[in-house]
Colleague: 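Handing you this structure, nothing more for now.
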Amino acid sequence: MPELPEVETVRRGLAPLCEDRTIVSAEFSRDDILIVPDDAGQKPARWAQEFTEGMVIDRVYRHGKYLLFDTEGERGWAVHLGMSGSLVVYTDGAAPDKHTHAVLNMCCGAELHYRAPRRFGRWIAARDGPARTAVSGRVGIDALDPTLDVRRFMNRLGGSQATIKSRLLDQRLVAGLGNIYADEALFAAGIHPRCPASSLDPGRWATLLRGIRSVLRRALANGGTTFASYRDARGRKGGNRGHLSVYGREGEQCPRCGNSVERIKVAGRGTHCCAACQQMPE
DNA sequence: TTACTCCTGGCC
DNA sequence: GGCCAGGAGTAA
């Protein structure tokens, strides 16, 4: 499941292969993959024709788990990879399979293929501005934004009785964490996922923010985590799986205290933690 | 705050 | 053959 490190890895691969390239044509095999704002009054195919064909991709950037594509003329769209989505650029041809839902044909024969076997991902067209405007309101500050300090972090997520894990997963508060890195960050900080957010003191918030940064940066350095389907822009798997402490390690020894890693349910999500060294507050 | 929906590969 | 995970939007 692509989260911030996976999406950023894809972005780093895509940018040099897409930026300054002209889109020759865009093909969507399914209408429901592309969301066009209601008031744009256009069918996806027509939107694609009008706003991608003949356009030059200016910039590929990212906010949270969204990949953002800006074209010349201040237009753009956002891509969410969902659970199983990938964006891979082929330079010497590749046959789309039944899970390939969109293909951007670019100049020089490069093709951007969007595959999403579970079809949870979406392309979202911006109504009348750059890609960033397509996701405003859906995402809060990016988890790796250098201006996110402890005070802002605490103000955003605190003040709620909800579990800290559900707060970390709320993309409108801080964007980029999914189930894997929420569990890893809470483990790194020694905080139990069921802690009410309102119970954390400033010291714990600081530790948690450091934990988030640390697990995200390590994952990024390893090219992301691949469980099943995640691939980068060249189709390669990520190498971070072996660096996870608790996620996917139910029943194994906690790398910190040696107790058994548990899998519990928090906020409706499968959650991995060590009950011995991730504590609830008094 | 919880539950449902979407969807399919992978697992039992 | 059936069930489940899981992000995000929406409904109850």
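Letters go in sequence order (proteins before strands), and every chain restarts at 1. Values reported hereafter were calculated over all heavy atoms of this structure, with side chains retained and with hydrogens, waters and symmetry mates removed.
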Colleague: Treating primed atoms plus P, OP1 and OP2 as sugar-phosphate and everything else as base, which nucleotides of nucleotides 6-12 of chain C get B, S or - for protein heavy atoms under 4.0 Å?
Modeller: BBBS---
Colleague: Apply the side chain to side chain contact (heavy atoms under 4.5 Å, CB included) test between Y247(A) and each candidate in T225(A), I180(A), V215(A), V261(A); give the one that qualifies.
Modeller: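 Option passing the side chain to side chain contact (heavy atoms under 4.5 Å, CB included) with Y247(A): I180(A).
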Colleague: Rounded to the nearest 0.5 Å, what separates atom OH in Y90(A) from atom CG in L112(A)?
Modeller: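 Here the rounded value is 10.0 Å.
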Colleague: Going by ring-ring contact (aromatic ring centres under 6.0 Å, His included), name the residues that satisfy it together with F69(A), two or more places apart in sequence or in a different chain.
Modeller: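 ring-ring contact (aromatic ring centres under 6.0 Å, His included) check on F69(A) returns W77(A).
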Colleague: Determine which pairs satisfy salt bridge (charged side-chain N to carboxylate O under 4.0 Å, His left out) with at least one residue from residues 151-166 of chain A, sequence neighbours left out, and list them in order.
Modeller: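 The answer is K165(A)-D183(A).
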Colleague: Kindly compute the distance separating CZ (R194(A)) from CD1 (I164(A)), expressed to the nearest 0.5 Å.
Modeller: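 Result: 14.5 Å between the selected atoms.
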Colleague: NA contact type, A162(A), heavy-atom cut-off 4.0 Å: base, sugar-phosphate, or nothing?
Modeller: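 Here A162(A) touches the backbone only, sparing every base.
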Colleague: By ring-ring contact (aromatic ring centres under 6.0 Å, His included), which residues pair with Y181(A), not counting sequence neighbours?
Modeller: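 Y181(A): no ring-ring contact (aromatic ring centres under 6.0 Å, His included) contacts found.
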Colleague: Output all residues satisfying ring-ring contact (aromatic ring centres under 6.0 Å, His included) with H192(A), sequence neighbours left out; order by chain, then residue number.
Modeller: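 H192(A) satisfies ring-ring contact (aromatic ring centres under 6.0 Å, His included) with no residue once adjacent residues are dropped.
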Colleague: Could you pull out all residues at least two apart from R12(A) that satisfy salt bridge (Lys or Arg N to Asp or Glu O under 4.0 Å)?
Modeller: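 With neighbours one apart ignored, the set is E8(A).
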Colleague: Once pairs are restricted to Watson-Crick or G-U wobble with both distances under 3.5 Å, how does DNA chain C read as a dot-bracket string, [ ] for crossings and | for other-strand pairs?
Modeller: ||||||||||||
Colleague: Which residues, if any, of residues 4-15 of chain A bring a heavy atom under 4.0 Å of DNA chain B?
Modeller: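 Those residues whose heavy atoms fall under 4.0 Å from DNA chain B, taken from residues 4-15 of chain A, amount to none.
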Colleague: May I have all residue pairs that pass salt bridge (charged side-chain N to carboxylate O under 4.0 Å, His left out) and include part of residues 268-277 of chain A, sequence neighbours excluded?
Modeller: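 Checked against salt bridge (charged side-chain N to carboxylate O under 4.0 Å, His left out) - neighbours excluded - no pair reaches residues 268-277 of chain A.
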Colleague: If I take atom CD1 in residue I264(A) and atom P in nucleotide dA5(C), what distance separates them, rounded to the nearest angstrom?
Modeller: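 Answer to the nearest Å: 14 Å.
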Colleague: Mind checking ring-ring contact (aromatic ring centres under 6.0 Å, His included) for Y66(A) and listing every partner two or more places apart, or none if nothing turns up?
Modeller: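 Testing Y66(A) for ring-ring contact (aromatic ring centres under 6.0 Å, His included), a comparison that skips the adjacent residues, returns H80(A).
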Colleague: Before giving the answer on side-chain contact (heavy atoms from CB on, under 4.5 Å), spell out for R115(A) and R231(A) the whole-Å C-alpha distance, their side-chain angles and the decisive distance to 0.1 Å.
Modeller: CA-CA 10 Å; R115(A) 279 187 86 243; R231(A) 298 291 186 276; over 6 Å; no
Colleague: For R234(A), give me all partners under salt bridge (Lys or Arg N to Asp or Glu O under 4.0 Å), at least two apart in sequence or on another chain.
Modeller: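 Once residues adjacent in sequence are excluded, R234(A) has no partner under the salt bridge (Lys or Arg N to Asp or Glu O under 4.0 Å) criterion.
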Colleague: Establish, from distance only, whether the side-chain atoms of E27(A) and N105(A) form a donor-acceptor pair under 3.5 Å.
Modeller: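 N105(A) and E27(A) do have a side-chain donor-acceptor pair below 3.5 Å.
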Colleague: Specify the residues of residues 95-104 of chain A, ordered by number, for which at least one heavy atom lies under 4.0 angstrom from an atom of DNA chain B.
Modeller: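 Result for residues 95-104 of chain A: K98(A), H99(A), sorted by number.
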Colleague: Quickly work out the R119(A) CZ to dT5(B) C1' distance and round it to whole Å.
Modeller: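 Those two atoms, CZ and C1', are 13 Å apart.
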